[in-house]
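A quick note: this is a predicted structure, and the numbers were derived from the prediction, not measured.
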Amino acid sequence: MNESNEFKPYIPADKVLPEITPVSIILGILLAILFGGANAYLGLRVGMTVSASIPAAVISMGVIRVILRRDSILENNIVQTVGSAGESLAAGAIFTLPALFMWAAEEGTAAPSLVEIALIAVAGGVIGILFMIPLRTALIVQEHGSLPYPEGKACAEVLMAGEEGGASATTVFAGLGIAAVYKFIADGLCIFPSEVDFEIKSYRGSGIGMDVLPALLGVGYICGAKVSSYLLAGGTLGWFVIMPLIALFGGDVVLYPGEVPISSMGAWDLWRSYIRYIGAGAVAAGGIMSLIKSFPLIIRTFRQAIKGFGVKSDSSLRTSQDLPMVVVLIGIGVMAIFMWLCPIIPVNLLGAVIIIIFGFFFATVSSRMVGLVGSSNNPVSGMAIATLLISTMILKASGTIGMPGMVAAISIGSIICIIAAIAGDTSQDLKTGFIVGSTPKKQQIGELIGVVASAITIGGVLYLLNAAWEYGSDQLPAPQAMLMKMVVEGVMNGNLPWALVFAGVFIAIVVEILGIPVLPFAVGLYLPIHLSTPMIVGGLVRLYFEKKKGENENVRKRKVEKGVLYSSGLIAGEGLVGILLAVFAIIKVSKDETLGDVINLSETINLGNWGGLAIFALLTATLCYVVTSAKNKK
């Protein structure tokens with residue numbers, strides 16, 4: 001049922017409140033940089049990011065309403081709109097662009113410049129927003145009753161519960177502060193190891209461990225026990241089934257891509273040489289299957305969106321004013337020409353055409369799919385894989401081969417990945433604005449500001465993290481970018497260990513037949529089990545409080561929501577200190593030492609694996625305490 005005609009926003013269309021103000025823009029940009037950097041670090045560690053919309057809204061309420069004593073829900077909404085753009089842009093960038101750094105290291109050439117990264121990010125972000133604008137009336141207004149946009153609706157509820165902003169913001173900042181101190185002690189002072197690792201000698205080839213880090217506990221809590229268990233199931237298959245079988249049957253054989261006899265390999269060697277490729281095949285298959293399953297919805301969405309493209313609303317109302325269509329069309333045309341002619345962006349005319357065609361298709365799909373299933377379930381990586389497969393084949397067929405062809409393919413894939421991520425984020429933000437009564441064109445301007453600010457900083461974050469630890473290392477595995485790199489190399493050069501990749505593909509098919517969500521299972525298989533184990537702890541904590549008996553539904557809901565806010569703070573705090581430690585790792589204090597080496601106290605104090613587990617248990621206890629402290633609102 002279409003409810004758009006009956007719907008009345010929280011702030012009526014005839015009421016004017018402050019929206020785009022210097023305070024809202026500055027605070028929004030700071031949050032965009034904060035959550036963009038934190039999500040970039042998180043995504044490069046574990047291959048997934050989390051939505052920043054609700055934490056940004058909560059912090060906005062705390063700062064604007066409580067600290068600055070300003071009282072405009074629409075100003076808060078602009079802060080959230082600008083701030084959430086950083087997270088989405090970071091997600092699109094870190095899924096692809098680190099591949100360029102890895103190729104530069106392998107070839108001994110220069111890494112992409114800060115300007116190149118910024119321009120690629122700006123191009124994808126601006127095009128994603130512009131593609132979404134003409135769809136707003138069709139998807140957000142006319143289908144208000146049928147497309148829920150869960151994150152957008154939840155964010156609107158947070159903004160409308162303004163009197164709670166201070167307490168909720170305190171919860172986020174508490175998580176941020178505790179995670180920052182914890183991360184600095186673990187990976188800065190190195191008093192206890194952030195990765196606890198045990199090899200099981202009686203079961204050769206297997207191993208178990210845990211990255212005892214705040215962000216992973218927080219991600220597990222936010223995702224819940226079900227998703228966390230799928231990740232752990234994938235890791236269990238890799239580390240307790242496939243790796244011991246390889247060790248058992250391999251003997252003294254040297255099996256490509258391994259370079260030493262299997263009998264001399266430990267658990268980590270087996271994972272690096274074989275499981276990563278099996279997992280890559282499973283993730284690629286899972287992404288493509290999620291795309292295929294969504295295909296009827298995609299076609300229906302695209303058909304409806306084309307019909308509704310540019311549908312005019314009553315622009316005399318403040319709440320119905322979009323950026324003019326002429327601005328949108330000119331902007332898209334300018335960005336297409338800019339990508340083609342700008343010498344820094346490695347995209348030719350064919351690449352620019354591919355970006356506009358695929359970008360519009362996936363922006364449309366993304367905008368509707370997040371309305372149905374939420375941003376967290378939007379198959380952006382599947383869209384990126386499909387784009388890379390097709391664009392690499394087109395470039396190869398047109399004669400653009402070798403490293404120039406692969407760089408061009410990743411650049412195209414990166415821009416389209418950012419387009420899809422930003423289009424989904426813009427849709428959720430516009431839904432929030434529709435509910436609270438914002439002016440759409442002011443939100444759209446805010447999105448553009450957030451994208452440009454985040455794009456300028458994301459290059460610095462990527463450069464900094466690579467300089468400190470290098471992509472593909474244990475500290476920064478960049479799993480999604482590694483997968484995209486392998487896909488492009490496999491199509492262009494045909495040098496992948498295809499038997500291992502197809503083993504992963506068929507594992508994914510079996511998992512699909514069993515009715516288990518493929519992507520989280522495949523990501524768990526692809527990543528070390530050490531990342532899944534702390535996440536299941538967070539998931540089980542949430543499950544306990546969701547199922548706890550003897551409490552009414554309202555109290556239970558508030559407890560779970562407070563845990564989500566605290567977990568968001570844990571993620572942001574670790575991400576920020578991770579970036580700070582990257583700075584320490586490249587600041588030289590002598591010829592052979594960095595600032596990171598100087599503050600390292602591991603030779604003086606080292607609590608060891610069991611100490612790390614004990615301190616992680618204390619961190620988990622803080623999460624439980626925060627959740628239980630939530631009170632019922634009367």
Side-chain angles (χ1 to χ4, degrees), residues 39 42-51 91 94-95 150-151 210-211 213 215-242 271 275-294 369-370 372-385 417 421 424 477-484 503-543 546 564 567 571:
N39 257 308
L42 177 67
L44 291 165
R45 279 297 300 257
V46 302
M48 59 194 301
T49 59
V50 294
S51 174
I94 58 97
F95 281 6
E151 283 97 341
M210 177 183 285
D211 280 16
L213 290 169
L216 297 173
L217 179 68
V219 170
Y221 185 91
I222 291 171
C223 291
K226 187 171 282 188
V227 172
S228 300
S229 67
Y230 296 145
L231 285 154
L232 182 62
T236 303
L237 177 66
W239 285 71
F240 286 95
V241 179
I242 300 176
W271 176 80
I275 299 300
R276 281 199 309 174
Y277 294 97
I278 296 172
V283 173
I288 291 170
M289 279 192 284
S290 69
L291 214 54
I292 292 171
K293 285 196 295 183
S294 305
M369 287 196 72
V370 298
L372 287 169
V373 299
S375 298
S376 302
N377 299 308
N378 191 17
V380 171
S381 61
M383 298 179 196
I385 290 168
C417 197
Q480 293 279 8
M482 182 72 79
L483 172 62
M484 305 301 173
V505 169
F506 287 108
I507 287 173
I509 291 172
V510 170
V511 170
E512 175 67 27
I513 292 170
L514 293 174
I516 299 170
V518 177
L519 269 177
F521 180 93
V523 169
L525 175 60
Y526 180 67
L527 295 172
I529 196 171
H530 302 61
L531 299 174
S532 304
T533 45
M535 289 175 64
I536 194 66
V537 173
L540 290 174
V541 169
R542 177 166 180 167
L543 180 67
E546 284 178 333
V564 169
S567 297
I571 293 165

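Evaluation of the salt bridge (charged side-chain N to carboxylate O under 4.0 Å, His left out) test over residues 508-517, restricted to residues two or more places apart or in two chains, returns Lys293-Glu512.
For Gly539 against Ser228, the heavy-atom pair with the smallest separation is CA-OG, 4.2 Å. Nearest heavy atoms, Gly524 versus Ser532: CA-OG, 4.3 Å. In terms of heavy atoms, Ala481 sits closest to Ile94 at CB-O, 3.7 Å.
We find the CZ-CG distance between Arg276 and Leu527 to be 11.0 Å, quoted to the nearest 0.5 Å. To the nearest 0.5 Å, the span separating OH on Tyr230 from CD1 on Ile536 amounts to 11.0 Å. In this structure, Phe506 CZ and Ile513 CD1 are separated by 10.5 Å, a value rounded to the nearest 0.5 Å. Rounding to the nearest 0.5 angstrom, the gap separating the CH2 atom in Trp271 from the OH atom in Tyr277 is 10.5 Å. Taken to the nearest 0.5 Å, the CG atom of Leu231 stands 11.0 Å off from the OG1 atom of Thr533. Between the CE atom in Met535 and the CG atom in Leu213 there is a gap of 12.5 Å [rounded to 0.5 Å].
A side chain to side chain contact (heavy atoms under 4.5 Å, CB included) with Leu237 holds for exactly one of Ile507, Ile278, Val511; it is Ile507.
For the salt bridge (charged side-chain N to carboxylate O under 4.0 Å, His left out) test, residues two or more places apart in sequence or in another chain that qualify with Arg542 are Glu546. Under the side-chain contact (heavy atoms from CB on, under 4.5 Å) criterion, Thr236 pairs with Leu232, Phe240, Ile529, sequence neighbours left out.
With a 4.5 Å cut-off on side-chain heavy atoms, Val219 and Ser567 do not count as touching.
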